[in-house]
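By convention in this document, chain letters (A, B, ...) are assigned in the order of the sequence lines, proteins followed by strands, and residues within each chain are numbered from 1.
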Amino acid sequence: MSVVTRIAPSPTGDPHVGTAYIGLFNYVFAKKHGGKFILRIEDTDRERYNADSEMRIFKMMHWLGLNPDESPEIGGPNGPYQQSERLEIYKKHALDLVESGHLYPCFCSEERLLKLREEQKRRKQPLGYDGFCRNLSKEEAGACMAAGKEPYVLRLKAPSEGETVFRDELRGQIRFKNSDIRDGIMLKSDGYPTYHLANVIDDHLMGVTHVLRAEEWITSTPIHVLLYRAFGWDEPKFIHMPLLRNPDANKSKISKRKLDTSVDSYRDQGILPEALINFLGNMGWSMPDGREFFGLKDMIKEFSIERISLGGPVFDLKKLRFFNARYLRDILSLEDLAERVKPFLEAAGYDWDDEDYLLDILDILKSRAETLTEFVPHGAYFFHEDFSYDEQAKKKLAAGQKYLEDLEREFALLESYDEDSIDDLIHDYVQSQSVGMGKVLQPLRAALTGVSNSPSMTELISVLGKQRVLKRIGRALSYITAGLPDDKPQKPEAVKTGAVS
RNA sequence: GGCCCCUUCGACUAGCGGUUAGGUCACCACCCUUUCAAGGUGGCGGCACGAGUUCGAAUCUCGUAGGGGUCACCA
């Protein structure tokens, strides 16, 4: 049997990390077994529908490398892949179930339902439909329709006795008493199906063999099972993944209010898709050999659902950033890194003479950045000559005037401008002055960067090049003696972003 | 509240009857070092609890507790 899985997001807002998470496992599971991965859009809630969101879901999947084999974008043999375009299919199947007595029309008004719910709450009874329309005869139903009691809905006629048992591949048998299964609405009065109906019909028609979805669906699985059986269809295998959790005390289900759940937002913050995938791959799953760094291909190679753990994993930003940092400094090639960083630098208004200069900069900056965006503040002084000096730097400059004057001369005379020569020059000079390295290098750092923390001076001097170095020392010296023409108090942020007034 | 699921360091996890309970993030210390990182070394810290099964339980069973999910004309 060939494996078919699917991700079925609802386009109602920002592309969600939960979609990415479940999408990842569906994708990997399908590919592991040489099967197909389908992207289906569940847009049956026209109140919350958002066309922009749908586009962004497609983009997210591509960005993450979770490319579906069938989708609204690329089509496929079992389309359409947007549920809003499958209304006739649902209607036909729903009517079949009415015919066979598994679904029944319900004419109850919203007011009655509301009242019923309040009454149940007041009496502390279990909530749910009371079956008022459950046993209407055909004649009575017809009379209701004739009396203009439309629109009406179609409800599931859940068995009142016995139990519904199904198997979760990770948890084993799960049983529900049928009396606990409510007569839920399957077809809404606007002609759209609810999740349960649409999901079952589509999964069957699209040949889905394995339903990997979040644990929150376990309680509605018996409804789905009842539907499969009512249709006379084989059930797929159910695999319920643990729920991603908020990092709060209780570890509640991941939510927008407590955590940034937008994949787009992480992308904009400079998180790499590889890092996000890798991070998500470690949530509730582990490599057989304990490896923590792996890509999609590795995960496909080693994947098995037996290694899924069921405790809900907390979505920990710190660990995500750690993964991202590892990709930035150790896993991506310098050239690859450059391509990823460029859009962020360009957006900040930076430009550079040549590619090699950029590569050099990234090489010495990459162990200091956890996200792509951090290259912008960290790299500010590489791209502008008119940076300001922060308070620390100003103090260092004032204390180091003599050293700067000497070094300006020394560097001007330096013939071979490479790291070794620079290193020698500095060491010789420091020795000649009989002072600590810091006494000399801190003012120099201030002069070259405007800040008091930076990469190694030798690297910096080498990467900046002789011209810039001399120019900057000169500028610093004139600042010391005269103050810069625009020597206004600078906010630290101004330095960070590279913006100079 | 009913029903369902879950439970190993603060977080992510390894473990699937016999281990000094291992690794990673975070945190702390030290080393390296001109500063900031990175890196190296070490440290802190855990089997929710109680019974039972067994020669032997983190691992199996039951109970208790705790947490989560779900009870919509949302998915």
Side-chain angles (χ1 to χ4, degrees), chain A residues 8-12 42-45 47-48 83 106 108 110 113 117 120-121 124-129 151-155 168 170-171 174-177 179-182 184-196 198-199 213-222 240 242-243 245 247 249-253 279 282-293 306-307 309-323 325 329-330 364-370 378 392 396 426 430 436-442 444-446 449 451-458:
Chain A
S10 186
T12 55
E42 308 227 327
D43 54 354
T44 55
D45 183 350
E47 300 257 320
R48 296 198 304 154
Q83 292 185 327
C106 168
C108 291
E110 265 192 76
L113 260 19
R117 210 168 299 144
Q120 287 170 334
K121 265 185 202 164
K124 294 188 176 167
Q125 287 177 330
L127 305 177
Y129 185 61
Y152 59 94
V153 301
L154 256 26
R155 286 184 183 274
D168 176 279
L170 304 177
R171 283 161 258 256
I174 298 177
R175 25 192 1 121
F176 286 83
K177 283 197 280 295
S179 53
D180 287 333
I181 302 173
R182 279 159 306 282
I185 292 173
M186 297 295 116
L187 200 68
K188 298 186 265 190
S189 58
D190 63 1
Y192 281 70
T194 57
Y195 170 85
H196 308 295
N199 169 265
R213 70 212 327 182
E215 189 181 355
E216 58 187 327
W217 292 108
I218 288 182
T219 32
S220 41
T221 303
H240 290 97
L243 229 34
R245 308 299 181 93
N250 292 336
K251 303 187 181 183
S252 51
K253 175 168 89 166
F279 170 72
N282 278 294
M283 304 270 89
W285 189 77
S286 60
M287 275 284 189
D289 63 1
R291 234 180 320 164
E292 287 195 293
F293 294 97
E306 286 164 28
R307 299 196 61 80
S309 55
L310 296 177
V314 171
F315 193 96
D316 180 7
L317 271 334
K318 278 189 176 161
K319 193 139 189 178
L320 207 212
R321 292 176 67 87
F322 165 75
F323 272 95
R329 64 171 187 263
D330 292 331
I364 61 177
L365 244 32
K366 65 180 188 176
S367 69
R368 273 157 260 257
E370 288 190 314
H378 286 155
Q392 278 288 320
K396 302 291 184 191
I426 290 174
V430 167
M437 280 283 230
K439 281 277 186 244
V440 173
L441 291 184
Q442 282 168 7
L444 185 56
R445 166 171 295 108
T449 68
V451 296
S452 48
N453 295 333
S454 83
S456 126
M457 285 313 291
T458 310

(message) For rG2(B), give the paired nucleotide (Watson-Crick: N1-N3 plus N6-O4 or O6-N4; G-U: N1-O2 and O6-N3; both under 3.5 Å), or none.
(response) rU70(B)
(request) Classify the nucleic acid contact of Arg48(A) as base, sugar-phosphate or nothing, counting any heavy atom under 4.0 Å across all strands shown. (result) base
(message) Any strand counts, and the cut-off is 3.5 Å on both contacts for Watson-Crick or G-U wobble. Which nucleotide pairs with rU64(B)?
(response) rA48(B)
(message) Looking at Lys319(A) and rU24(B), is any side-chain donor or acceptor paired with a base atom of the opposite kind under 3.5 Å?
(response) yes
(message) So, under a plain 3.5 Å distance rule, would you say the side chain of Thr194(A) forms a donor-acceptor pair with the base of rC73(B)?
(response) no
(request) Determine whether the aromatic ring centres of Phe279(A) and Phe315(A) lie less than 6.0 Å apart. (result) yes
(request) Measure from CD1 on Ile181(A) to C1' on rC3(B) and round the result to the nearest Å. (result) 10 Å
(request) Considering just the side-chain nitrogens and oxygens of Lys188(A), establish if one lies under 4.0 Å of OP1 or OP2 belonging to rA75(B). (result) yes
(message) Can you say whether a donor on the side chain of Ser367(A) sits under 3.5 Å from an acceptor on the base of rA37(B), or the other way round?
(response) yes
(request) Please give the nucleotide sitting opposite rG39(B) as a Watson-Crick or G-U wobble pair, both distances under 3.5 Å, or none. (result) rC31(B)
(message) Classify the ring geometry of Phe323(A) against Phe293(A): parallel below 30°, tilted from 30° to 60°, perpendicular beyond 60°.
(response) tilted
(message) When both hydrogen-bonding distances must be under 3.5 Å and the geometry is Watson-Crick or G-U wobble, what is rC55(B) paired with, if anything?
(response) rG18(B)
(request) Output yes when at least one side-chain N/O atom of Asn250(A) is less than 4.0 Å from OP1 or OP2 of rG68(B), else no. (result) yes
